[in-house]
There are 2 protein chains.
Amino acid sequence: MNLKSQVEWALHCAAVLAGLPEGRYLSTKALAEFHGLPKEYLSKALQGLSQAKLVDTTLGPSGGYRLARPASDITFLDIVEAVEGKGRTFVCNNIRANNPCRPAGFCDDKPCGIARIMWQADEAWRRTLADAKLSDLVAGLAKDVPADIMAASRDWVLERAG
Amino acid sequence: MNLKSQVEWALHCAAVLAGLPEGRYLSTKALAEFHGLPKEYLSKALQGLSQAKLVDTTLGPSGGYRLARPASDITFLDIVEAVEGKGRTFVCNNIRANNPCRPAGFCDDKPCGIARIMWQADEAWRRTLADAKLSDLVAGLAKDVPADIMAASRDWVLERAG
DNA sequence: GTAATCAAGGATAATCTATATCCTTAAAAA
DNA sequence: TTTTTAAGGATATAGATTATCCTTGATTAC
Ligand code: FES
Ligand code: FES
């Protein structure tokens with residue numbers, strides 16, 4: 001039960017895009033190179049962000065991606081769901097319906113108590129991600145990452161941003 | 001990113017075992033039949049519970065499984081981890097290390113801020129499951145499931161419990 | 001206008017994981 | 001002694017993840 005690695009990719013890309021000056025775009029190529037990722041496959045993750053309207057895109061040279069909203073309006077949950085889907089991690093196959101002691105055609109009025117608890121846990125997970133804003137992440141990075149690497153990365157990105 | 005269906009199976013089996021009278025055992029065959037599941041494959045899930053010491057087993061005719069501890073001492077997390085493993089759902093592949101602006105051999109002192117938040121969400125999920133006791137589930141089932149089905153199931157199980 | 005660059009997305013392949021079955025072994029009970 | 005059982009090894013099938021390649025049409029730079 002692992003999240004796909006694209007989730008890590010998308011979150012890191014979003015963090016980079018959040019640091020981009022107003023109105024500029026960064027291409028898949030640059031994002032892939034910056035993170036050491038396969039460009040074509042990373043592209044699928046970015047398409048997910050695009051379909052979820054988290055990023056704007058533009059074509060042609062100097063084209064690429066930028067955030068569609070302020071980083072303070074984008075949560076981890078937005079990004080994770082854009083890549084991983086909105087489905088629950090626990091899927092109930094309703095095995096209780098196979099109980100041989102049930103009258104034929106019996107219909108449950110509530111979801112199973114086991115599913116309810118598993119879904120509560122899913123909800124707790126989602127709530128934590130919904131409370132984590134992209135802007136908080138960016139602020140945190142500024143403290144974690146040494147200033148020289150931060151500055152060098154900024155320059156590296158700006159050189160490639162259209 | 002789905003939990004394996006064995007999680008649902010194991011939780012339902014644990015609920016049935018919790019209803020078993022003191023000292024009696026129920027076999028894989030009975031549990032598989034009761035839930036309409038493939039016996040051999042369900043066996044793997046039950047082996048997981050056994051390895052986690054959540055259930056006791058005994059061999060021979062009238063053998064099978066029973067809870068190793070009171071249902072009030074077993075949580076959803078115990079069961080889920082026994083089947084699904086204890087690993088985190090978010091795996092950090094440390095892609096930040098591929099940043100071309102880093103000095104060679106640079107070593108991070110903290111886990112990445114993205115991983116920290118994803119792991120917090122994992123923790124929230126686990127905490128919810130750790131707070132859900134098997135005994136609470138059994139009490140809840142008594143309310144959800146119609147009394148006649150409950151009684152019939154109880155008889156069905158007792159007929160097969162060694 | 002022309003050539004280069006880009007996102008989007010379809011098609012396909014490789015690799016892993018989940019699902020499932022079969023079979024052997026050894027212990028316990030009848 | 002025979003039957004029943006859990007444990008676990010060996011495979012097999014299906015599905016998901018990871019990855020590459022190629023086409024299309026839009027946009028920019030020249
Ligand atoms: S029937 Fe699916 S969790 Fe109970
Ligand atoms: S490097 Fe893995 S989450 Fe940031």
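Proteins get letters first, then strands, A, B, ... in listed order; numbering begins at 1 in each.
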Roughly, in whole Å, what's the span from CG in B:Leu49 to P in D:dG8? 13 Å
CG of B:Asp56 versus C1' of D:dA7: gap in Å, rounded? 15 Å
Could you walk me through whether B:Thr89 and B:Asp122 pass side-chain hydrogen bond (donor to acceptor under 3.5 Å, both in side chains), step by step? CA-CA 7 Å; B:Thr89 65; B:Asp122 266 21; 2.5 Å; yes
Rounded to whole Å, the NZ-C1' distance (A:Lys53 to C:dA8) equals 14 Å
Under 3.5 Å, side chain of A:Gln120 to main-chain N/O of B:Thr128, donor-acceptor pair present? no
Suppose we screen for salt bridge (Lys or Arg N to Asp or Glu O under 4.0 Å). Which residues come up paired with B:Asp56, at least two apart in sequence or across chains? B:Arg66
Give the table of side-chain donor-acceptor pairs shorter than 3.5 Å for residues 40-47 of chain A, with sequence neighbours excluded, one pair per line with atom names and distance.
{"unit_1": "A:Tyr41", "atom_1": "OH", "unit_2": "A:Gln6", "atom_2": "OE1", "d": "2.9"}
{"unit_1": "A:Ser43", "atom_1": "OG", "unit_2": "A:Gln47", "atom_2": "NE2", "d": "3.1"}

What integer distance in Å separates A:Tyr65:OH from D:dA26:C1'? 14 Å
Sorted by number, residues from residues 11-26 of chain B placing a heavy atom under 4.0 Å from DNA chain C are none
Rounded to whole angstrom units, what separation is found between the CG atom of A:Leu31 and the C1' atom of C:dA7? 13 Å
Sequence neighbours left out, what passes side chain to side chain donor-acceptor pair (under 3.5 Å) with B:Thr75? Give chain and number order. B:Asp78
By side chain to side chain donor-acceptor pair (under 3.5 Å), which residues pair with A:Arg126, not counting sequence neighbours? A:Glu81
Counting only side-chain N and O atoms of B:Ser43, is one of them less than 4.0 Å from OP1 or OP2 of D:dG8? no
Take the protein atom CD of A:Gln47 and the nucleotide atom P of C:dG9, then report the distance between them rounded to whole Å. 6 Å
For residues 103-117 of chain B, which side-chain N or O atoms pair as donor and acceptor with protein atoms under 3.5 Å away, sequence neighbours left out?
{"unit_1": "B:Asp108", "atom_1": "OD1", "unit_2": "B:Arg102", "atom_2": "NH2", "d": "2.9"}
{"unit_1": "B:Asp108", "atom_1": "OD2", "unit_2": "B:Arg96", "atom_2": "NE", "d": "3.3"}
{"unit_1": "B:Asp108", "atom_1": "OD2", "unit_2": "B:Arg102", "atom_2": "NH1", "d": "3.1"}
{"unit_1": "B:Asp108", "atom_1": "OD2", "unit_2": "B:Arg102", "atom_2": "NH2", "d": "3.3"}
{"unit_1": "B:Lys110", "atom_1": "NZ", "unit_2": "A:Asp144", "atom_2": "OD1", "d": "3.1"}
{"unit_1": "B:Arg116", "atom_1": "NH1", "unit_2": "A:Asp144", "atom_2": "OD2", "d": "3.2"}
{"unit_1": "B:Arg116", "atom_1": "NH1", "unit_2": "B:Pro111", "atom_2": "O", "d": "2.8"}
{"unit_1": "B:Arg116", "atom_1": "NH2", "unit_2": "A:Asp144", "atom_2": "OD2", "d": "3.0"}

Residues two or more places apart in sequence or in another chain: which of them pass side chain to side chain donor-acceptor pair (under 3.5 Å) with B:Ser153? A:Asn99
Looking only at side-chain N and O atoms, does B:Thr28 come under 4.0 Å of OP1 or OP2 in D:dA6? yes
Ignoring backbone atoms, test whether A:Ser50 places a side-chain nitrogen or oxygen under 4.0 Å from the OP1 or OP2 oxygen of C:dA8. yes
Indicate, with a heavy-atom threshold strictly under 4.0 Å, whether A:Gly64 touches base, sugar-phosphate, or nothing. sugar-phosphate
Residues two or more places apart in sequence or in another chain: which of them pass side chain to side chain donor-acceptor pair (under 3.5 Å) with A:Ser50? none
Using a cut-off of under 3.5 Å, enumerate the N/O to N/O pairs linking the protein to nucleotides 15-25 of chain D.
{"unit_1": "D:dT17", "atom_1": "OP1", "unit_2": "B:Met1", "atom_2": "N", "d": "3.3"}
{"unit_1": "D:dT18", "atom_1": "OP1", "unit_2": "A:Ser5", "atom_2": "N", "d": "3.4"}
{"unit_1": "D:dT18", "atom_1": "OP1", "unit_2": "A:Ser5", "atom_2": "OG", "d": "3.3"}
{"unit_1": "D:dC22", "atom_1": "N4", "unit_2": "A:Glu40", "atom_2": "OE1", "d": "3.4"}

